[in-house]
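Below, chains carry the letters A, B, ... as their sequence lines are ordered, and counting in each starts from 1. Owing to the predicted nature of the structure, the values given are computational and were not obtained by experimental measurement.
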There are 2 protein chains.
Amino acid sequence: MRMNEGVEWAAHVCVLLHWAEEGGDAPVPATRLAAAYDLPTAYLVKQLQALGRAGLTESVPGRRGGVRLARPAARITLMDVVAAIEGPDDAFACTEIRRQGMNAERPARDFAQPCGVAHAMREAELAWRRALAATSIADLAGSTPAGRAADARRFLAAP
Amino acid sequence: MRMNEGVEWAAHVCVLLHWAEEGGDAPVPATRLAAAYDLPTAYLVKQLQALGRAGLTESVPGRRGGVRLARPAARITLMDVVAAIEGPDDAFACTEIRRQGMNAERPARDFAQPCGVAHAMREAELAWRRALAATSIADLAGSTPAGRAADARRFLAAP
DNA sequence: TCAAACCTGGATATGTTTTGTCCAGTAAGG
DNA sequence: CCTTACTGGACAAAACATATCCAGGTTTGA
Ligand code: SF4
Ligand code: SF4
């Protein structure tokens with residue numbers, strides 16, 4: 001059960017975009033974002049497209065174009081980023097094994113209720129999501145050591 | 001980020017083993033457990049071995065042998081089962097991308113602290129684990145519709 | 001005007017993990 | 001001593017994550 005590493009990329013990129021916005025350097029081209037952390041450009045672009053489809057970022061085509069946050073960093077949470085990259089599916093997928101084998105003869109209505117396993121898994125994932133939703137991109141930006149933001153802006157604005 | 005379906009199998013199997021124990025039918029051979037939910041025997045055996053290595057179950061070789069819970073179902077949590085099947089790794093794996101690209105020149109001590117992303121992810125996974133640890137196999141067994149346990153025991157004890 | 005710089009989406013390739021099977025070895029019971 | 005059972009390792013297929021490429025579009029500024 002490993003999470004896509006695109007989630008880490010996307011989170012860091014969102015922080016960069018927030019800093020760029022603050023410095024008036026938005027939008028930032030994807031090539032520059034990739035260079036900032038030495039990531040494979042073409043693949044990072046895929047993740048950026050996922051962020052765009054989820055409404056977290058918007059992109060400007062053409063020369064002087066690039067990507068920017070679609071709303072203030074304080075209103076983009078880690079949960080949003082994870083959902084955008086990982087997709088909407090829960091980690092735990094029910095396959096209804098309880099209906100097979102010794103229970104194959106039972107009528108379908110015997111299984112109308114999800115069983116305790118599914119319920120507990122669902123609760124646990126909700127707790128996880130709530131925790132992720134408690135941290136925003138602005139929080140992440142604020143918790144980085146002083147001076148790092150200015151350096152990043154300098155790098156993103158460089159020719 | 002999909003969870004192994006072996007987790008679902010293992011959870012249900014633990015409930016079965018608990019019922020078997022109550023009925024005095026332990027240990028139960030793996031073939032019987034696989035038949036109970038129509039699972040591929042050889043692959044289920046792999047999951048059972050993982051449960052055994054994690055100390056959740058113990059197995060008895062030889063004729064009249066099989067698998068049984070290694071401790072009372074009330075003291076085996078869903079968290080134990082997930083950890084046994086999924087392994088000890090966190091879902092979110094840090095790859096330290098912040099050290100590359102624009103930060104490649106910085107000394108290593110600048111990155112002694114894990115960044116905010118890693119911290120938030122860690123907190124969220126802890127919340128998930130706490131939630132999973134709140135449900136035991138005995139809880140799951142108790143929440144199944146009446147009569148189901150007796151039917152299961154009948155099936156497991158059958159020739 | 002038009003070429004350069006930028007994004008989009010789909011096709012494709014490669015590597016890793018999950019899922020599933022098989023077999024040779026070992027242990028216990030009757 | 002033969003049947004039933006577990007163990008561990010090797011192996012194959014399928015699914016998924018990672019990565020690259022290309023053939024379109026947009027906008028800007030020379
Ligand atoms: S509901 Fe319970 S039984 Fe049905 S699939 Fe989910 S976990 Fe397995
Ligand atoms: S610590 Fe922060 S930067 Fe380093 S890898 Fe984990 S997330 Fe990425």
Between atom [atom1] in [X] and atom [atom2] in [N], what is the gap in whole Å?
X        : N       : atom1 : atom2 : answer
Asn4(A)  : dT16(C) : CG    : C1'   : 13 Å
Asp38(A) : dT18(D) : CG    : P     : 17 Å
Gln47(B) : dC6(D)  : CD    : C1'   : 16 Å
Asp89(A) : dA15(D) : CG    : P     : 16 Å
Glu8(A)  : dT18(D) : CD    : C1'   : 15 Å
Tyr43(A) : dG9(C)  : OH    : C1'   : 16 Å
Leu33(B) : dC6(D)  : CG    : C1'   : 13 Å
Leu44(A) : dT8(C)  : CG    : P     : 12 Å

[options]: which one has an atom nearest the side-chain heavy atoms of [X]?
X        : options                   : result
Arg53(B) : dG8(D), dG9(C), dC6(D)    : dG8(D)
Arg64(B) : dT26(D), dG30(C), dG8(D)  : dG30(C)
Val45(B) : dA17(D), dT21(C), dT7(D)  : dT7(D)
Ala42(B) : dT27(D), dC22(C), dA19(D) : dC22(C)
Arg63(A) : dG29(D), dC7(C), dC21(D)  : dG29(D)
Lys46(B) : dG9(D), dT18(C), dG9(C)   : dG9(D)

If you take all heavy atoms of [X] and [Y], which pair is closest and at what distance?
X         : Y         : result
Leu156(A) : Leu33(A)  : CD2-CD2, 4.4 Å
Gly116(A) : Ser143(B) : CA-OG, 3.9 Å
Ala141(B) : His18(B)  : CB-CD2, 3.5 Å
Tyr37(B)  : Gln100(A) : O-CB, 3.5 Å
Ile76(B)  : Leu69(B)  : CD1-CD2, 4.0 Å

Going through the checks in order, is the salt bridge (charged side-chain N to carboxylate O under 4.0 Å, His left out) test met by Asp38(A) and Arg99(B)? CA-CA 9 Å; Asp38(A) 199 20; Arg99(B) 298 193 188 214; over 6 Å; no
Sorted by number, residues from residues 16-30 of chain A placing a heavy atom under 4.0 Å from DNA chain C are Pro29(A), Ala30(A)
With a non-hydrogen cut-off below 4.0 angstrom, is Met3(A) in contact with a base, only sugar-phosphate, or nothing? nothing
Looking at every strand, decide which applies to Gly66(B) at a 4.0 Å heavy-atom threshold: base, sugar-phosphate, or nothing. sugar-phosphate
Want to settle it: does Leu48(A) or Glu86(B) sit nearer the 5' end of DNA chain C, counting the closest nucleotide to each? Leu48(A)
Judged by nearest nucleotide, the residue sitting upstream toward the 5' end of DNA chain C, Trp9(B) or Gln49(A), is Gln49(A)
Mind pulling the stems DNA chain C is in, i.e. runs of at least three Watson-Crick or G-U pairs, everything under 3.5 Å? C:1-30 with D:1-30
Any Arg2(A) side-chain nitrogen or oxygen under 4.0 Å from OP1 or OP2 of dC16(D): no
Tell me whether the OP1 or OP2 atom of dA5(D) has a side-chain N or O from Ser59(B) closer than 4.0 Å. no
Nearest-nucleotide 5' precedence on DNA chain D, Thr31(B) against Glu5(A): Thr31(B)
Spell out, as yes or no, whether a donor-acceptor pair under 3.5 Å connects the side chain of [X] to the backbone of [Y].
X         : Y         : value
Arg148(A) : Ala152(A) : no
Gln47(B)  : Ile85(B)  : no
Asn103(A) : Arg98(A)  : yes
Arg32(A)  : Phe155(A) : yes
Asn4(B)   : Glu86(B)  : no

